[in-house]
Protein chains: 2
Amino acid sequence: MVDPRRWHLDPAVTFLNHGSFGARTRDLLARQRTWQDRIEQQPIEHLGRRVREYLAPSREAVASFLGADPSGLGFVTNATEGVNAALRSVAFRRGDRVVTTTHVYHAVRQTLRRLAVESGIEVVEVPVELPIADADSIVAAIAPWLVAPTRLLLIDHVTSPTAVRMPVERLVPIARRARIETLVDGAHAPGMIEVDLASLDADHYAANLHKWVGAPLGTAILWTHPRVRSRVHPNVTSHFYGEGFTTEFDWQGTRDVSGWIVAVDALKDLGRLGWDQVRAHNHALATWAHAMLVERWGSTPMTPLDGSLLGSIASIELPSAVARRFERVDQLQASLLAEHGIEIPCIEWGGRRFVRISAMVYNRPAQYEKLASAIESMAG
Amino acid sequence: MVDPRRWHLDPAVTFLNHGSFGARTRDLLARQRTWQDRIEQQPIEHLGRRVREYLAPSREAVASFLGADPSGLGFVTNATEGVNAALRSVAFRRGDRVVTTTHVYHAVRQTLRRLAVESGIEVVEVPVELPIADADSIVAAIAPWLVAPTRLLLIDHVTSPTAVRMPVERLVPIARRARIETLVDGAHAPGMIEVDLASLDADHYAANLHKWVGAPLGTAILWTHPRVRSRVHPNVTSHFYGEGFTTEFDWQGTRDVSGWIVAVDALKDLGRLGWDQVRAHNHALATWAHAMLVERWGSTPMTPLDGSLLGSIASIELPSAVARRFERVDQLQASLLAEHGIEIPCIEWGGRRFVRISAMVYNRPAQYEKLASAIESMAG
């Protein structure tokens with residue numbers, strides 16, 4: 001769809017892992033460097049005095065892109081940082097329960113583990129078994145837990161190890177009716193699936209812009225609803241503590257803010273293709289590749305083949321001959337890169353072993369066919 | 001001493017504020033971009049798999065520079081972030097007292113304010129009155145507070161508004177003997193004054209490398225002593241929670257780590273001039289400029305004219321005609337830049353108004369004489 005040479009990626013690698021860290025275009029990196037140069041020329045003027053002015057267009061553009069009120073949108077380094085800040089805003093009491101699922105991102109699982117140690121809360125990872133037939137079955141698994149003493153529901157918008165699009169638009173209202181606070185980890189969502197925070201009505205939404213929006217590494221947001229906003233602060237307290245949400249988030253101490261400043265340019269870059277078109281293209285390519293790989297490897301699909309639970313990543317179970325061939329999945333991942341030049345995450349989850357494909361506008365169908373053949377050759 | 005064109009600073013500005021955000025050389029920014037390019041070419045390989053390998057030389061070099069054990073040194077975005085992480089490691093009980101001074105950095109003051117609200121501790125800012133005759137008088141002011149129920153002493157190594165070099169090497173042992181935990185905010189120290197963490201024996205030391213070491217913006221460290229290390233974690237919990245200090249700090253979620261990687265190059269850059277020589281030059285220039293400005297403006301010096309309480313920054317009280325001329329100090333600062341092309345922080349502290357000069361190897365005596373004349377012309 002788009003010339004892959006626009007991105008800074010090594011053309012010698014079959015890059016099927018946009019999902020982990022995203023990728024930047026050469027244009028965007030150049031624009032970021034223009035800002036870095038400007039800041040370095042006169043740091044006091046451009047970082048000290050004008051930073052809020054420079055961040056405002058990015059905040060407005062990102063808020064509009066996510067259907068959000070900009071006055072609740074703060075920049076953070078990554079979605080996990082946003083999740084940490086949101087969790088710190090809740091005055092948990094011993095015995096409170098936090099509900100998430102077995103698909104939770106491991107860094108967030110660790111955050112909850114620390115919270116449990118420090119605050120005496122109970123964390124429940126509700127099992128959502130694979131394969132998943134439909135959104136109804138996800139809701140049916142989680143809904144029974146949305147009762148006292150559950151204090152907070154922490155749910156991924158698109159899960160990381162298993163690439164499942166969670167029905168957050170159905171779960172958040174159930175939690176809200178039960179007066180349970182809601183924190184959506186949208187790490188993979190912006191640019192991958194449509195996000196409309198106004199209609200979602202969650203209390204907190206953390207998300208990366210360095211994945212599917214293509215912003216510089218370290219560019220992410222935390223959005224908070226007005227009903228909880230006044231008690232949410234950055235993880236690191238700085239000069240403007242207590243002076244308002246965006247005032248606090250705009251200044252989290254001395255740092256390179258150039259990535260946050262050009263988030264608006266990243267949005268515009270792919271926006272020229274039309275964001276609906278980008279999302280539709282990537283989703284169609286992921287859905288096709290998912291079905292193709294499942295068929296060629298004889299795997300059981302973990303989500304419906306129509307892609308109804310997919311965005312633009314998909315986890316496909318490996319043929320057992322390949323899954324068993326390596327002691328650890330990182331050895332398989334290294335072998336795919338060394339022997340076949342393919343960069344793709346290999347994941348162990350719930351006793352199964354997967355590869356997780358990503359589909360971005362620079363990817364081509366032939367790249368997934370190459371992956372199919374590489375795995376077949378390993379199995380054979 | 002060194003050609004100012006090596007730095008990226010605008011030559012049209014008389015830049016007397018190295019102390020706020022430091023400044024980078026063109027060489028260092030180029031080296032950082034080489035790393036950014038490498039990471040962008042194959043983010044999974046260079047950020048995902050090799051980040052710890054790439055950070056190790058920086059950690060070793062910075063630890064050696066600070067006389068510290070590298071296994072207790074973690075990279076953070078800025079010193080305030082390090083202070084936040086250190087404070088979070090203490091299981092404060094209601095009624096515990098934290099002692100700092102009236103010279104505390106405002107972002108840290110805000111951090112303590114939040115801690116007081118959330119943990120019920122008492123924060124005491126011990127008055128250290130200006131002018132200060134010698135280190136003895138500082139110790140005499142603070143020592144009486146280093147008794148129960150004081151739980152922690154938080155002391156600046158070099159204070160921000162007032163540019164005073166605090167006798168931390170005398171205060172830390174007093175606190176240690178009283179079983180009071182010690183957190184030194186060395187935001188301005190590395191590269192400005194000699195730091196030897198092994199002999200200092202503080203529990204926590206937070207410091208910026210983007211000021212006087214000249215590392216990229218967002219490059220700082222937190223060092224912790226082995227006796228407290230196992231309970232110190234980054235502010236943001238990520239994958240490796242509980243797996244060891246450097247393991248946790250090396251991976252704080254997806255971010256641009258290129259600045260941390262080239263901290264070693266920043267150390268080498270100025271190291272070619274000899275760090276002892278750099279520090280001695282800057283200290284001598286600051287001491288001379290401090291005495292010259294005090295003399296020309298008829299100001300009362302806030303610290304001894306021999307520079308014994310200075311590093312390479314100094315705060316000089318403004319002539320009253322200038323101090324009274326503007327409603328707010330930022331108006332004076334803007335006027336100095338607009339009318340005279342001088343960038344210097346104007347500070348209000350303890351009912352006095354100061355300018356704070358910085359002296360870095362690219363600065364020249366004539367720049368401070370220009371400042372002297374500019375203020376004189378404003379005084380009319």
Side-chain angles (χ1 to χ4, degrees), chain A residues 7-10 13 15 17 20-24 29 33 36-37 39-45 47-49 77-81 83-85 106-108 110-111 113-115 208 210-211 216-218 220 233 235-242 252-257 259 330 334 337 343 345, chain B residues 7-10 13 15 17 20-24 29 33 36-37 39-45 47-49 77-81 83-85 106-108 110-111 113-115 208 210-211 216-218 220 233 235-242 252-257 259 330 334 337 343 345:
Chain A
W7 279 263
H8 211 293
L9 294 167
D10 181 355
V13 175
F15 194 72
N17 189 8
S20 284
F21 304 133
R24 268 56 48 196
L29 288 175
R33 286 169 185 191
Q36 287 170 330
D37 285 347
I39 291 168
E40 290 299 338
Q41 271 225 314
Q42 230 284 43
I44 311 304
E45 175 69 8
L47 183 59
R49 285 188 288 264
T77 308
N78 49 60
T80 304
E81 188 172 306
V83 167
N84 272 256
H106 188 61
V108 172
Q110 298 284 62
T111 303
R113 194 182 134 208
R114 179 176 178 180
L115 186 63
N208 291 311
H210 51 227
K211 291 180 191 270
L217 289 166
H233 306 282
N235 292 292
V236 174
T237 309
S238 191
H239 290 288
F240 304 109
Y241 176 65
Q252 299 179 45
T254 304
R255 57 192 296 149
D256 180 358
V257 294
D330 63 302
L337 183 60
E343 185 64 76
Chain B
W7 279 262
H8 212 293
L9 293 167
D10 182 354
V13 175
F15 193 72
N17 189 7
S20 282
F21 304 134
R24 267 57 46 195
L29 290 173
R33 285 168 185 192
Q36 287 170 330
D37 285 347
I39 291 168
E40 289 299 340
Q41 271 225 314
Q42 230 285 42
I44 312 303
E45 175 69 9
L47 183 60
R49 285 188 288 263
T77 306
N78 49 60
T80 305
E81 189 173 306
V83 167
N84 272 257
H106 188 61
V108 171
Q110 297 284 62
T111 304
R113 193 181 135 208
R114 179 175 178 183
L115 186 63
N208 291 312
H210 51 227
K211 290 181 192 269
L217 289 166
H233 306 281
N235 292 291
V236 175
T237 310
S238 190
H239 290 289
F240 304 108
Y241 175 65
Q252 300 180 44
T254 303
R255 60 192 296 150
D256 180 357
V257 293
D330 63 299
L337 183 61
E343 183 66 78

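Treat the numbers as computed from the prediction; the structure is a model and nothing was measured.
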For this session: Give, as side chain, backbone, both or neither, the part of A:Asp10 having an atom under 4.5 angstrom from any heavy atom of chain B.
Result: both
Exercise. Under the 3.5 angstrom rule, does the side chain of B:Asn235 hit a backbone N or O of B:Ala85 as a donor-acceptor pair?
Worked result: yes
For this session: Output the option from B:Arg113, B:Lys211, B:Glu343, B:Gln252 having the highest count of non-hydrogen pairs under 4.5 Å with chain A.
Result: B:Glu343
For this session: Give, for atom OG1 of B:Thr111 and atom CG of B:Asn84, the distance between the pair rounded to the nearest 0.5 Å.
Result: 4.0 Å
Problem set entry | Engaged part of A:His106 at the chain B interface, taking heavy atoms whose separation is under 4.5 Å | both
Problem set entry | Under 4.5 Å from a heavy atom of chain B, the part of A:Glu40 involved | both
For this session: Return the option, out of A:Asn208, A:Asp330, A:Thr77, A:Thr254, with the maximum number of heavy-atom pairs under 4.5 Å with chain B.
Result: A:Thr254
For this session: List the steps and the verdict of side chain to side chain contact (heavy atoms under 4.5 Å, CB included) for B:Val13 and A:Gln41.
Result: CA-CA 9 Å; B:Val13 175; A:Gln41 271 225 314; over 6 Å; no
For this session: Please state whether the side chain, the backbone, both or neither of B:Arg49 comes within less than 4.5 Å of a heavy atom of chain A.
Result: side chain
Exercise. In terms of heavy-atom proximity below 4.5 Å to chain B, should A:Asp37 be classed as side chain, backbone, both, or neither?
Worked result: both
Exercise. With side chains defined as the heavy atoms from C-beta onward, is the minimum distance between A:Leu337 and B:Glu45 less than 4.5 Å?
Worked result: yes
Exercise. Looking only at side chains, do A:Arg114 and B:Thr237 share a donor and an acceptor under 3.5 Å apart?
Worked result: yes
Exercise. Quick one: of A:Pro345, A:Gly253, A:Ala23, who has the most non-hydrogen atom pairs under 4.5 Å with chain B?
Worked result: A:Gly253
For this session: Take B:Asp256 and B:Gln36, measure what side-chain hydrogen bond (donor to acceptor under 3.5 Å, both in side chains) needs, and give me the verdict at the end.
Result: CA-CA 8 Å; B:Asp256 180 357; B:Gln36 287 170 330; 2.9 Å; yes
Exercise. Who among A:Val236, A:Ile39, A:Leu47 has the most heavy-atom pairs with chain B under 4.5 Å?
Worked result: A:Val236
For this session: Could you tell me whether the side chain of B:His210 and the main chain of B:Gly218 form a donor-acceptor pair under 3.5 Å?
Result: yes
Problem set entry | Pairs of heavy atoms under 4.5 Å with chain B: top-ranked of A:Gln42, A:Arg255, A:Gln110 | A:Gln110
Problem set entry | Residue selection (most heavy-atom pairs with chain B, distance under 4.5 Å) from A:Pro43, A:Ala334, A:Gly259 | A:Pro43
Exercise. Would you call the rings of A:His233 and A:Tyr241 parallel, tilted or perpendicular if under 30° counts as parallel and over 60° as perpendicular?
Worked result: tilted
Exercise. Contact part of B:Glu81 toward chain A, heavy-atom cut-off under 4.5 Å: side chain, backbone, both or neither?
Worked result: both
